[in-house]
Amino acid sequence: MGFVDAIGWMAALFTLLTFCMRTMLPLRILAIASNLCFIAFATTLGLWQIVVLHGALLPLNLAQLVRLLRHRAAAPAAVVFEPAWIEPYAQREAISSGSIIFRAGDPAERLYYIERGEVLLLEIDKRLAPGNLLGEMGLFSPDRERLFTAVALRDTELLAVQETDFNHLCREHAGFAHFCLRLVTARLTENLRRAWAEKALATQGRA
């Protein structure tokens, strides 16, 4: 097998491996390697259609790679939620006042973003206004169950994201994953502080 044939086989191998990747960063790197190998292989043999195709794909893959690297670099500072992160994956849901969105113990299958209205978490008497995420803790819990019961206090509009799309966003968007991690940590801390305060009051009451 000659050198040109080897480049052609490498190009084919890199293309095959892109279909085996589960995350975008290694996929883009392999796609770029495939583009370069195909361009070299096709140029040597005068296969100009292939040269044009991969010459067009190469800058696209490079641009996507740069975008991914920028997202990763910006992750530590990405603490403000952007609705645009979830809008391509979300479905709008209208919830009437007094309706239960989910109950404690229900399967956690969706993440919600409150666009309009107000939601009450019954067990901890916490109100969530527009701009808040809802239901993220159940998606991170080992049992994938809702921890609280959520009730619409007034007519409410939500953006709902299925669990599979939520997982995809966490894998592919470093800013979104970082925000969710900080949010879950903050809410767990808040719940622990509330539990400690209630325990301290109960201890004082028995004293």
Side-chain angles (χ1 to χ4, degrees), residues 19 21-28 60-61 63-191:
F19 290 94
M21 297 297 103
R22 300 182 65 180
T23 56
M24 289 302 296
L25 185 59
L27 186 152
R28 291 298 176 188
L60 295 177
N61 282 316
Q64 291 298 322
L65 178 61
V66 170
R67 182 184 64 84
L68 286 170
L69 293 175
R70 284 177 177 172
H71 282 163
R72 289 197 168 197
V79 296
V80 179
F81 178 77
E82 297 289 344
W85 290 343
I86 67 171
E87 284 175 352
Y89 304 92
Q91 293 181 338
R92 279 183 168 79
E93 294 187 3
I95 310 295
S96 58
S97 177
S99 297
I100 294 176
I101 302 168
F102 52 75
R103 299 179 184 273
D106 284 352
E109 298 174 342
R110 292 183 177 184
L111 172 78
Y112 297 97
Y113 173 76
I114 304 172
E115 278 198 313
R116 183 175 66 86
E118 189 176 19
V119 175
L120 173 68
L121 300 178
L122 282 177
E123 289 79 1
I124 57 175
D125 193 30
K126 181 177 179 63
R127 296 173 180 241
L128 297 176
N132 277 283
L133 289 182
L134 171 67
E136 77 292 334
M137 292 183 67
L139 292 175
F140 281 105
S141 69
D143 297 330
R144 294 293 194 277
E145 290 184 354
R146 298 299 185 193
L147 304 180
F148 308 114
T149 299
V151 180
L153 292 179
R154 60 190 70 177
D155 289 346
T156 299
E157 290 184 2
L158 305 172
L159 290 180
V161 179
Q162 295 289 344
E163 182 182 8
T164 52
D165 291 324
F166 171 79
N167 292 335
H168 174 79
L169 276 166
C170 286
R171 288 194 303 269
E172 304 301 337
H173 201 305
F176 178 75
H178 183 70
F179 175 84
C180 288
L181 179 61
R182 290 178 64 91
L183 178 63
V184 169
T185 302
R187 288 184 173 172
L188 284 173
T189 302
E190 180 184 355
N191 292 339

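Proximity of Met21 to Pro26: side-chain heavy atoms (C-beta onward) are separated by under 4.5 Å at one or more points. Considering only heavy atoms from C-beta on, Leu111 stays 4.5 Å or farther from Leu169 through its side chain.
Atom CD of Glu136 is separated from atom CZ of Phe179 by 8.5 Å, given to the nearest 0.5 angstrom. Here the CZ atom belonging to Arg127 is positioned 11.0 Å from the CG atom belonging to Leu121, to the nearest 0.5 angstrom. To the nearest 0.5 Å, the span separating CG on Leu139 from CG on Asn167 amounts to 7.5 Å. Here CZ of Arg116 is found 4.0 Å from CD of Glu157. Values are rounded to the nearest 0.5 Å. The NE2 atom of His178 sits 11.5 Å away from atom CG of Leu183, with the distance rounded to the nearest 0.5 Å. To the nearest 0.5 angstrom, Leu133 atom CG is 11.0 Å from Leu158 atom CG.
Every residue meeting the side-chain contact (heavy atoms from CB on, under 4.5 Å) condition with Asn61, not counting sequence neighbours, appears here in chain and number order: Arg28, Ala31, Ile32, Asn35, Leu57. Evaluation of the salt bridge (Lys or Arg N to Asp or Glu O under 4.0 Å) rule for Glu123 yields no partner, not counting sequence neighbours. Listed by chain and residue number, nothing satisfies the side-chain hydrogen bond (donor to acceptor under 3.5 Å, both in side chains) test with Arg103 (two or more places apart in sequence, or in another chain). Gln64 pairs by the side-chain hydrogen bond (donor to acceptor under 3.5 Å, both in side chains) definition with Arg67, not counting sequence neighbours.
Put simply, the side chain of Thr189 gets close to the backbone of Thr185: a donor and an acceptor are under 3.5 Å apart. At least one donor-acceptor pair closer than 3.5 Å links the side chain of Ser97 to the backbone N or O of Leu153. Distance alone, capped at 3.5 Å, places no donor-acceptor pair between the Thr149 side chain and the Leu122 backbone.
Minimum heavy-atom separation, Ser99 to Ile95: CB-CG2, 3.7 Å. Between Cys170 and Ala177 the shortest heavy-atom distance is O-CB, 3.4 Å. Of all the heavy atoms in Pro130 and Gly117, the pair that sits closest is CD-O, 3.0 Å.
Applying the salt bridge (Lys or Arg N to Asp or Glu O under 4.0 Å) test to pairs two or more places apart or on separate chains, those with a residue in residues 138-151 are Arg144-Glu163. Sequence neighbours left out, the pairs with a member in residues 102-146 that pass ring pair (Phe, Tyr, Trp, His ring centres under 6.0 Å) are Phe81-Tyr113, Phe140-Phe166.
Heavy-atom neighbours of Glu190 CD from other residues, nucleotides or ligands within 6.0 Å: above the threshold of 12.
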Please walk me through it: do Leu159 and Arg92 pass side chain to side chain contact (heavy atoms under 4.5 Å, CB included)? CA-CA 5 Å; Leu159 290 180; Arg92 279 183 168 79; 3.4 Å; yes
Apply side chain to side chain contact (heavy atoms under 4.5 Å, CB included) to residues Thr156 and Ile114 and explain how you reach the verdict. CA-CA 7 Å; Thr156 299; Ile114 304 172; 4.3 Å; yes
Going through the distances and angles, do Lys126 and Leu120 end up as a side chain to side chain contact (heavy atoms under 4.5 Å, CB included)? CA-CA 6 Å; Lys126 181 177 179 63; Leu120 173 68; 5.7 Å; no
Would you check, one step at a time, whether the test side chain to side chain contact (heavy atoms under 4.5 Å, CB included) holds for Asp165 with Ile86? CA-CA 9 Å; Asp165 291 324; Ile86 67 171; over 6 Å; no
